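Quick notes on the structure that follows.
Quick caveat: nothing in here was measured; it's all calculated off a predicted structure.
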Amino acid sequence: MSPFAGRRIVLAVSGGIAAYKAVEICRRLVDAGAHVTPVLTHAAQRFVGEVTFSALASERARVSLFDDEDPIPHVTLGRQADLILVCPATARVIGSYAAGLSDDLLGATLIATRAPVVVCPAMHTEMWEHPATQDNLRLLSERGVTVVEPEEGRLAGGDEGAGRLAAPESILTAAAEALAAGARASTRDMVGLRVLVTAGGTREPIDPVRFVGNRSSGKQGYAVAVEAAARGAKVTLVATVQRQVPESVELVLVETAEEMRTAVLDRLPAEVVVMAAAVADYRPVAPADEKIKKSGEDRTITLEPTPDILAELGRSGAAGTLVGFAAETSDVLANAEAKLHAKGADIIVVNDVSAPKVGFDHDTNEVTLLDAAGDRTAVPLTSKRDVAQAILDRAVTLRNLR
């Protein structure tokens with residue numbers, strides 16, 4: 001069944017050239033079974049007509065806070081909505097929402113709702129990169145708003161750069177995840193649990209400029225942290241990359257495997273530890289203090305093993321339920337099974353990173369969960385937030401069986 005079937009979605013359209021793309025989003029949501037109520041700002045109507053959305057949506061478009069049969073349309077819309085999707089979101093709308101202003105129907109509805117909110121910024125590069133815009137988005141993210149970051153590409157006027165509205169697939173995926181997260185948050189099955197998560201690939205310095213690393217983006221670890229926080233856990237995230245997280249998540253930034261080890265050990269014990277980070281297996285023995293100049297000759301760099309954080313946690317028992325990850329390209333399940341027992345983990349999450357749209361830097365993942373009891377759970381290709389849900393579902397189940 002579609003994640004949008006039977007759900008009431010307010011599609012809020014603000015005044016940017018990307019407003020015409022919201023027509024396609026509206027059509028797709030309706031086709032997926034959603035009840036869509038469009039809300040257009042005055043500026044949005046300069047780019048796309050009210051009649052267009054009224055014809056495609058589940059009910060007529062709303063355009064005014066006052067010229068409505070309902071004396072309090074913002075309250076009605078806010079209470080009935082399962083999700084509010086702001087697409088596109090201009091710099092003005094983002095700033096007004098962050099400041100709590102409610103001088104039009106869209107602003108008032110955003111303030112009057114307790115439903116999940118997804119904001120899809122679209123604007124010129126200079127506006128997107130302006131500190132005020134970034135500060136406003138950071139504040140909204142800390143309040144629990146989902147921000148679908150724009151892409152790079154062609155902008156109005158023929159310019160190229162960051163600020164282009166995200167693709168419809170990315171927007172709809174984020175909307176589905178926000179709906180699912182809102183439903184799961186009501187369970188709050190991790191209240192009172194301390195959850196420690198790692199994310200991203202470590203960087204082991206060769207010199208002040210170069211490093212030994214990997215392609216991990218940290219997206220899966222961040223998804224686990226956000227999911228755990230939504231379910232009521234007290235979450236600490238130790239990461240090598242910085243992304244937006246809810247205000248309740250403690251974010252600790254590190255770079256090397258040794259720094260990650262120290263940060264993790266300093267924050268134990270924890271009831272659940274999810275080691276989603278891609279920790280480098282080796283590091284240079286003697287990093288140079290200055291940048292190594294290109295000489296045209298072969299150069300040998302001696303490597304040594306990095307600390308095995310997962311195995312150390314497995315031996316210590318301070319991790320409660322311990323979840324490790326295995327990124328493989330061959331003999332996937334066999335290698336994961338061996339790692340599960342060698343590291344002393346309770347669960348190993350394994351994926352074949354050579355498969356399309358799986359693992360590093362993708363928004364999707366396909367994994368198998370192996371646990372010490374011998375159970376295997378296959379999670380088909382889906383969003384990383386859904387993978388995070390499956391991981392934590394299994395971790396909670398194992399805890400309850402002890």
Side-chain angles (χ1 to χ4, degrees), residues 138 142 194-229 233-292 301-327 339 342-345 347-349 353 359-361 384 388 391:
R138 190 175 301 109
E142 289 172 352
R194 293 163 297 177
V195 176
L196 178 60
V197 184
T198 64
T202 63
R203 296 182 171 188
E204 312 302 327
I206 296 172
D207 62 19
V209 177
R210 306 173 182 89
F211 59 87
V212 175
N214 56 67
R215 296 170 50 212
S216 175
S217 64
K219 290 180 179 180
Q220 186 64 77
Y222 268 78
V224 173
V226 171
E227 174 70 16
K234 181 179 180 181
V235 181
T236 298
L237 175 60
V238 179
T240 62
V241 291
Q242 186 165 13
R243 297 180 178 276
Q244 293 172 334
V245 290
E247 187 176 9
S248 61
V249 176
E250 178 194 7
L251 177 61
V252 181
L253 293 175
V254 298
E255 183 169 293
T256 67
E258 189 58 50
E259 290 174 356
M260 180 169 285
R261 174 183 178 274
T262 299
V264 167
L265 295 181
D266 285 349
R267 286 160 179 82
L268 292 176
E271 281 74 32
V272 178
V273 175
V274 182
M275 294 293 296
V279 181
D281 294 321
Y282 293 92
R283 63 188 175 195
V285 171
D289 294 329
E290 297 182 352
K291 178 183 176 181
I292 300 172
I301 298 175
T302 303
L303 304 177
E304 64 180 356
T306 58
D308 191 332
I309 308 172
L310 182 62
E312 186 172 357
L313 294 177
R315 292 191 299 269
S316 73
T321 300
L322 178 60
V323 181
F325 276 66
K339 185 171 185 177
K343 308 296 185 181
I347 301 170
I348 287 290
V349 183
V353 293
F360 297 139
D361 209 32
K384 288 189 172 179
I391 293 168

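- Taking CE of M260 as the start and OG1 of T306 as the end, the distance is 10.5 Å to the nearest 0.5 Å.
- Nearest approach of G218 to A199, heavy atoms of both residues: O-CB, 3.8 Å.
- The shortest side-chain heavy-atom distance between V264 and L313 falls under the 4.5 Å cut-off.
- Smallest separation of non-hydrogen atoms from A263 and V252: CB-CG1, 4.2 Å.
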Checklist entry - What's the verdict on salt bridge (charged side-chain N to carboxylate O under 4.0 Å, His left out) for E250 and K234, showing C-alpha distance, side-chain angles and the deciding distance? => result CA-CA 8 Å; E250 178 194 7; K234 181 179 180 181; over 6 Å; no
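- The closest side-chain heavy-atom distance from R283 to V212 is not below 4.5 Å.
- Proximity of a side-chain donor or acceptor of Q220 to a complementary backbone N or O of K384 within less than 3.5 Å is detected.
- Side-chain contact annotation: T302 with E304, donor-acceptor N/O pair under 3.5 Å absent.
- For the atom pair NZ (K343) and CD (E312), the distance works out to 11.5 Å, reported to the nearest 0.5 Å.
- Scanning both residues, A345 and I348, for their nearest heavy atoms gives CB-CD1, 4.2 Å.
- With a 6.0 Å radius and a threshold of 12 heavy atoms from other residues, nucleotides or ligands, E247 has its CD atom at or below the threshold.
- In this structure, V238 and V197 have side chains that are not in contact, with every pair of non-hydrogen atoms separated by 4.5 Å or more.
- The pair R261-E258 meets the salt-bridge criterion, with a side-chain N (NZ, NE, NH1 or NH2) lying under 4.0 Å from an Asp/Glu carboxylate O.
- A salt bridge does not link E255 to R203: none of the charged side-chain nitrogens sits closer than 4.0 Å to a carboxylate oxygen.
- Residues S248 and V235 have side chains not in contact (no heavy-atom distance under 4.5 Å, counting atoms from C-beta outward).
- A donor-acceptor pair under 3.5 Å is absent between the side-chain atoms of S217 and the main chain of F360, judged by distance alone.
- Between V241 and Y222, the closest side-chain pair of non-hydrogen atoms falls below 4.5 Å.
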Next on the checklist: Determine whether I206 and I292 satisfy the following criterion, side chain to side chain contact (heavy atoms under 4.5 Å, CB included), listing intermediate values before the conclusion.
Outcome noted: CA-CA 9 Å; I206 296 172; I292 300 172; 4.0 Å; yes
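- Remark: D266 CG is packed, more than 12 non-hydrogen atoms of other residues, nucleotides or ligands lying under 6.0 Å away.
- Minimum heavy-atom separation, F325 to I391: CZ-CD1, 3.6 Å.
- Contact check for L268 versus V273: side-chain heavy atoms found under the 4.5 Å cut-off.
- When all heavy atoms of N214 and A278 are compared, the pair lying nearest together is ND2-O, 2.9 Å.
- Between V279 and I309 there is a side-chain heavy-atom pair separated by less than 4.5 Å.
- Once rounded to the nearest 0.5 Å, the distance linking CD1 of I347 with OG1 of T321 reads 7.0 Å.
- Looking at E259, its side chain never comes within 3.5 Å of a backbone N or O of V254 through a donor-acceptor pair.
- The shortest heavy-atom contact between A288 and P208 is O-CD, 3.4 Å.
- With values rounded to the nearest 0.5 angstrom, Y282 atom OH is found 15.5 Å from I301 atom CD1.
- In this structure, CZ in R267 is found 6.5 Å from OG1 in T236, a value given to the nearest 0.5 Å.
- Donor-acceptor pairing under 3.5 Å is lacking for the side chains of E204 and T256.
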